[in-house]
2 protein chains.
Amino acid sequence: MSEPARPAQTRRPVRTNATRQKLFEASMLLIGERGPANVTVDEIAAAAGVSKGTVYYNFGSKSEMIAALLEHGVEMLESRLASASPAAKAVDDLQEMLGAMLDFFAEYPSFAQLLVSEMWRTPGEWHETLTLLRERLVSVIGAAVERVAQENQVDTQITPASVAGAILGATFVIGLDRLVFHPDRSREQALAVVMTVIRGYLR
Amino acid sequence: MSEPARPAQTRRPVRTNATRQKLFEASMLLIGERGPANVTVDEIAAAAGVSKGTVYYNFGSKSEMIAALLEHGVEMLESRLASASPAAKAVDDLQEMLGAMLDFFAEYPSFAQLLVSEMWRTPGEWHETLTLLRERLVSVIGAAVERVAQENQVDTQITPASVAGAILGATFVIGLDRLVFHPDRSREQALAVVMTVIRGYLR
DNA sequence: CTATTTGAACTGACCGGTCAGTTTTGATAG
DNA sequence: CTATCAAAACTGACCGGTCAGTTCAAATAG
């Protein structure tokens, strides 16, 4: 809406974005824990060490701020997935990727929580945004799955896309399960369970 | 708190529970769609064709009503899982069970949505309740997984309990994915993807 | 008679959004 | 280097409205 920052390539070359960053961090924590509706803009602003007006200056509304937060988080996750795949075999490649995803969830559990809470909400305030974002993640994982399908014998009854969706979802819940219900479970154990999905896809 | 209903086995003034049932149905829909915090007690009462006072007479508060709703829904799901397993082979048994679970989610998508939104919320108003309820579901599924482990060669690196947790979570997200993002996907396709987890567990 | 439901009124806290005013920033002129 | 200025960024008191929870007298039903 407002789009207050429009340096139009000349006036202001550098924008720190420090305020937005602080707001992202504060809101990710609070909203992840208690849900969007149970956190007030005042709280977020206070946690970010900023005034309420600043929130409305940077984002037009609470809702838009959360949409931006979702986008921001998925972008971070996406770049992790893209950068973490230096393996020779396609399966190992995928394993690397899912490990990175589990690490990301462990690092930002609140974001993972936010995502699962809103991902399937219909109708939902951020459903369109989330559909797009999900698409991007499924696409990244799907590419890795397809490489697996090329290198190995797989169950042709099942499409790579649906496997990618299942892997994304399974990694979410296994990652959260580990954080919430089984803090003792190691990263490797969690990863082994996630990889089970791929193993079942292989013939 | 109040617990005005005791229809169990003891003869009592016949209480239909019709009011509670209507409230369950109405609130399941509304809360599933918009989340507990975005639905007012007035709305729920109106949707159930009941007055607000009745809500407070039957349940002590909004929060308690939601706790009861969670319990009610899980009880329904549990009984479906228990009753739907007339197979000879353990794997088919499990498949039957997961099929029943997918059917349940298709029948009560709002409840599935509510459950995933709240399941991993920490701290959360209903976290204790949900931990208990999750335990019960994992236990039912876990028993079936253990039968599979007895009848087949399985990956001994992975515990049946963690497989059960993964299956529960995976079925949730695959069921919701199907409803929200892939309405075209058939029950059989969804089931095949869920079964992938078990196949990967087998050696 | 007793259990249950109704419907309406009331309260007190809370919250999203607004806006007039203040401070900061950085470019430019002297 | 310094003074000036306008835009950008930020502030926080305030407003209008909402909602959970409470209460209760009256109606209904088993």
Side-chain angles (χ1 to χ4, degrees), chain A residues 1-27 30-31 33-69 118 124-126, chain B residues 1-8 10-27 30-31 33-70 118 124-126:
Chain A
M1 281 291 166
S2 47
E3 198 70 24
R6 246 297 165 261
Q9 74 224 111
T10 48
R11 303 263 320 167
R12 201 77 88 84
V14 239
R15 245 190 68 114
T16 358
N17 261 11
T19 301
R20 285 172 80 101
Q21 191 59 39
K22 277 194 296 181
L23 281 168
F24 278 143
E25 274 159 34
S27 57
L30 290 170
I31 293 176
E33 276 180 358
R34 287 153 41 196
N38 291 312
V39 177
T40 70
V41 176
D42 281 305
E43 269 177 315
I44 294 169
V50 154
S51 88
K52 187 181 192 173
T54 301
V55 174
Y56 286 88
Y57 177 78
N58 279 278
F59 310 91
S61 68
K62 183 184 184 180
S63 184
E64 280 174 63
M65 199 202 70
I66 290 165
L69 172 64
E118 299 302 323
E125 255 182 291
W126 308 282
Chain B
M1 281 296 168
S2 48
E3 200 69 27
R6 246 294 167 265
T10 56
R11 270 200 318 156
R12 266 303 168 124
V14 217
R15 240 189 69 109
T16 30
N17 258 14
T19 299
R20 286 172 79 100
Q21 191 60 38
K22 277 194 295 181
L23 280 168
F24 279 143
E25 276 160 33
S27 56
L30 290 170
I31 293 175
E33 277 180 358
R34 290 161 29 203
N38 290 312
V39 178
T40 70
V41 175
D42 284 304
E43 267 178 317
I44 294 169
V50 152
S51 84
K52 186 181 185 175
T54 301
V55 173
Y56 284 89
Y57 178 78
N58 279 279
F59 311 91
S61 68
K62 183 185 184 180
S63 185
E64 281 174 63
M65 199 201 69
I66 290 166
L69 172 64
L70 290 169
E118 300 301 324
E125 253 182 293
W126 309 282

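None of these values were measured; they are calculated from a predicted model. All values below were derived from every heavy atom in this structure, side-chain atoms included, with hydrogens, water molecules and symmetry-related copies excluded. Each chain gets a letter, A, B and so on, in the order the sequences are listed, and its residues count up from 1.
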(request) Go through the structure and list residues passing side chain to side chain donor-acceptor pair (under 3.5 Å) with A:Ser63, not counting sequence neighbours. (result) A:Glu125, A:Trp126
So, OP1 or OP2 of [N]: does either fall under 4.0 Å of a side-chain N or O from [X]?
{"X": "A:Asn58", "N": "D:dC10", "value": "yes"}
{"X": "B:Tyr57", "N": "C:dT4", "value": "yes"}
{"X": "B:Ser51", "N": "C:dG7", "value": "no"}

Nearest whole Å is fine: how far is [N] [atom2] from [X] [atom1]?
{"X": "B:Asn38", "N": "C:dG16", "atom1": "CG", "atom2": "P", "value": "11 Å"}
{"X": "B:Arg20", "N": "C:dT5", "atom1": "CZ", "atom2": "C1'", "value": "15 Å"}
{"X": "A:Leu23", "N": "D:dA9", "atom1": "CG", "atom2": "P", "value": "13 Å"}
{"X": "A:Lys22", "N": "D:dA9", "atom1": "NZ", "atom2": "C1'", "value": "12 Å"}

Looking at residues at least two apart in the chain, or sitting in another chain, which of them share a salt bridge (charged side-chain N to carboxylate O under 4.0 Å, His left out) with [X]?
{"X": "B:Glu43", "value": "B:Arg34"}
{"X": "A:Glu33", "value": "none"}
{"X": "A:Lys62", "value": "none"}

(request) Report, as a single string ordered 5' to 3', how protein heavy atoms within less than 4.0 Å touch nucleotides 18-27 of chain D: B base, S sugar-phosphate only, - not at all. (result) -SBBB-----
(request) Could you list the residues that satisfy side chain to side chain contact (heavy atoms under 4.5 Å, CB included) with B:Ala46, not counting sequence neighbours? (result) none
(request) Check whether any side-chain heavy atom of A:Tyr57 lies under 4.5 Å from a side-chain heavy atom of A:Thr19, and answer yes or no. (result) no
(message) Which nucleotide wins on minimum distance to the side chain of B:Thr54, given the candidates D:dA8, D:dG12, C:dT5?
(response) C:dT5
